[in-house]
Asker: 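Sharing a structure here in structure tokens format.
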Protein chains: 2
Amino acid sequence: MNHEVFSELDLTSLLSLSFRTSINELHDRLSELGFGDIRPAHGFMFKCITPKGATGIELAEYLGITKQAVSKMVDYLENCGYVMRKAHPTDKRGKIIVLTERGWLVAKAKEKILTEIEQRWIENIGAERLQMLKEDLSKLVYKENEGKLSLRSRPVW
Amino acid sequence: MNHEVFSELDLTSLLSLSFRTSINELHDRLSELGFGDIRPAHGFMFKCITPKGATGIELAEYLGITKQAVSKMVDYLENCGYVMRKAHPTDKRGKIIVLTERGWLVAKAKEKILTEIEQRWIENIGAERLQMLKEDLSKLVYKENEGKLSLRSRPVW
DNA sequence: AATTATGGTCAATTTGATTGACTACATTGC
DNA sequence: GCAATGTAGTCAATCAAATTGACCATAATT
């Protein structure tokens, strides 16, 4: 398999492939650490739950999915021992989803692995280029979404 | 919504968001052109079918999914009038999947839209930066997969 | 010629998401 | 203050994309 193969790919395909590559490594590593029941779909949720918890509606908006989908995901993660539903302090209808201890463990492991992946990328393309890459991607995501973000630009992790 | 928000995101999240952003625009545009029945999952298949067709097994390997999944996808695309199953010239077990005229229309529209998206990105970050971005992503996808590509790095488009 | 391997489909199941219906509580507006 | 409307969450049914397992027909191997 030759490097040249990828140069001919359009940007969208490249973004897809590099995302899949990262996410595959992340989940392989999480599996090795005993977090095999965490799947790609769950990942971004953790970012919204930390540090002080979130309601289902907040998660739904953040992830760009329906509250029903969030509810099911929380069922699963609660069952696996990663999150807990707590009563909302002021709104008796609402619940707050918070991380359990095990939830915090996986969140920290995720953080560490992502940092390591980024570190290895720095070794490949250099710190400046990685910095530029991140800046450019940030700019693009921002420009293209102009305020309407988190409606359909939902991350998979 | 502030640009700063994204700078704090890790690389993996950025890749996810920028990919989603591109793919959303692509499919919005395809919908406007009357190709609303094409969904993100189908996209990368076209790249493998063009120009001279492909067998189910080839598609499965290229996409990194099972042959059964390919078969179903082809059922759907055939039903929508984008592809056709033809008899394999030498192997009586096999079939070749080729694009119909409508299939070619959507493939060309896709090409055009992706080029336009890339063009707009050039206006945002400049041609040099975009070139660098593509080179860096290519290098990373290549390095990280080292030969074992197309097994799990399956594109979603 | 018999065995094994391969290309493709059928059927059942899993995962992640959807739409629609419903309950319990909150907010608004006379 | 209470009736109308709105909102947080769940239940149920369904869809989309993929999986595993079983199977058939043809090819390749020995």
Side-chain angles (χ1 to χ4, degrees), chain A residues 16 20 23-24 27 31 36-46 48-49 53-80 83-98 150-157, chain B residues 16 20 23-24 27 36-45 48-49 53-80 83-98 150-157:
Chain A
S16 173
R20 301 296 297 193
I23 213 71
N24 282 345
H27 283 276
S31 265
D37 45 7
I38 295 286
R39 285 191 294 270
H42 307 131
F44 259 102
M45 185 176 264
F46 281 72
C48 191
I49 295 179
T55 68
I57 295 280
E58 281 166 355
L59 285 171
E61 267 173 27
Y62 180 73
L63 296 172
I65 58 178
T66 59
K67 56 184 182 170
Q68 293 93 321
V70 167
S71 191
K72 274 202 194 174
M73 237 188 236
V74 172
D75 283 349
Y76 177 82
L77 290 174
E78 192 167 42
N79 212 267
C80 296
V83 304
M84 266 178 16
R85 283 171 165 103
K86 294 208 319 190
H88 194 286
T90 60
D91 190 334
K92 279 185 189 163
R93 295 169 303 178
K95 297 174 186 174
I96 319 183
I97 294 119
V98 294
S150 103
L151 271 168
R152 294 190 48 232
S153 321
R154 167 178 56 93
V156 179
W157 227 97
Chain B
S16 174
R20 301 296 298 193
I23 213 71
N24 282 344
H27 283 275
D37 44 9
I38 295 286
R39 288 191 292 268
H42 307 131
F44 260 101
M45 185 176 263
C48 190
I49 295 179
T55 67
I57 296 280
E58 281 167 357
L59 285 171
E61 266 172 28
Y62 181 73
L63 296 172
I65 59 178
T66 59
K67 56 185 182 171
Q68 293 92 322
V70 167
S71 191
K72 275 204 194 171
M73 234 189 237
V74 171
D75 283 349
Y76 176 83
L77 290 174
E78 193 168 41
N79 212 267
C80 295
V83 304
M84 265 178 17
R85 283 169 166 104
K86 293 208 319 192
H88 194 285
T90 60
D91 189 333
K92 279 184 189 161
R93 294 168 303 179
K95 297 175 185 173
I96 318 185
I97 295 118
V98 293
S150 104
L151 270 170
R152 293 190 48 232
S153 322
R154 169 179 54 94
V156 179
W157 225 97

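Every chain is numbered from 1 and lettered A, B, ... according to where its sequence line falls, protein lines coming before strand lines.
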Asker: Just how far, in rounded Å, is P of C:dT9 from OH of B:Y76?
Answerer: 18 Å

Asker: Taking only the side-chain nitrogens and oxygens of B:T66, find out if one of them lies under 4.0 Å from OP1 or OP2 of D:dA18.
Answerer: no

Asker: So do the side chains of B:H42 and B:M73 get within less than 4.5 Å of each other, counting heavy atoms only?
Answerer: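 Yes - at least one pair of side-chain heavy atoms lies under 4.5 Å apart.
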
Asker: In whole angstrom, what separates B:I38's CD1 from D:dA17's C1'?
Answerer: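 Answer to the nearest Å: 15 Å.
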
Asker: Taking any heavy-atom pair under 4.0 Å as a contact, classify B:D75: base, sugar-phosphate, or nothing.
Answerer: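 Touches nothing.
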
Asker: Between A:R93 and C:dT27, is there a side-chain N or O to OP1/OP2 distance below 4.0 Å?
Answerer: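 No, A:R93 has no side-chain N/O under 4.0 Å of OP1/OP2 on C:dT27.
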
Asker: Pick the closest DNA chain D nucleotide for A:K72 and for A:I96 by heavy atoms, then say which residue is nearer the 5' end.
Answerer: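 Looking at the nearest nucleotide for each, A:I96 comes out on the 5' side.
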
Asker: Does any part of the side chain of A:I38, heavy atoms only, come nearer than 4.5 Å to the side chain of A:L77, both counted from C-beta?
Answerer: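 When only atoms from C-beta onward are counted, A:I38 and A:L77 do touch, with a gap below 4.5 Å.
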
Asker: Roughly, in whole Å, what's the span from CG in A:L59 to P in C:dG16?
Answerer: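 Value for this atom pair: 16 Å.
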
Asker: Is any side-chain heavy atom of B:L59 closer than 4.5 Å to one of B:I49?
Answerer: yes

Asker: Just so I know, are the side chains of B:R85 and B:E78 near enough to count as touching, which here means a heavy-atom distance under 4.5 Å?
Answerer: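 A side-chain contact under 4.5 Å exists here.
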
Asker: Between A:R85 and D:dT10, does any side-chain N or O lie under 4.0 Å from OP1 or OP2?
Answerer: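 Yes, because at least one side-chain N or O of A:R85 sits under 4.0 Å from OP1 or OP2 of D:dT10.
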
Asker: Taking for each residue the nucleotide of DNA chain C with the nearest heavy atom, is it A:K92 or A:M73 whose nucleotide lies nearer the 5' end?
Answerer: A:M73

Asker: What's the closest nucleotide to the A:I57 side chain, out of D:dT14, D:dG9, C:dT13?
Answerer: D:dG9

Asker: With a 3.5 Å cut-off and just heavy-atom distances, do the side chain of B:Q68 and the base of C:dG7 make a donor-acceptor pair?
Answerer: no

Asker: Looking at D:dT10, C:dG8, C:dA17, which one has an atom nearest to any side-chain atom of B:K67?
Answerer: C:dG8

Asker: As a test of reading the structure: which of D:dG9, C:dG7, D:dT19 is closest to the side chain of A:T55, going by heavy atoms?
Answerer: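 Side chain of A:T55 sits closest to D:dG9.
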
Asker: I'd like to know if B:K95 reaches the base of C:dG8 with its side chain, counting only an N/O donor and acceptor under 3.5 Å.
Answerer: no

Asker: Any side-chain heavy atom of B:Y62 sitting closer than 4.5 Å to one from B:M45?
Answerer: no

Asker: Nearest whole angstrom, please: distance from the P of D:dG9 to the NZ of A:K86.
Answerer: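 From A:K86 NZ to D:dG9 P: 15 Å.
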
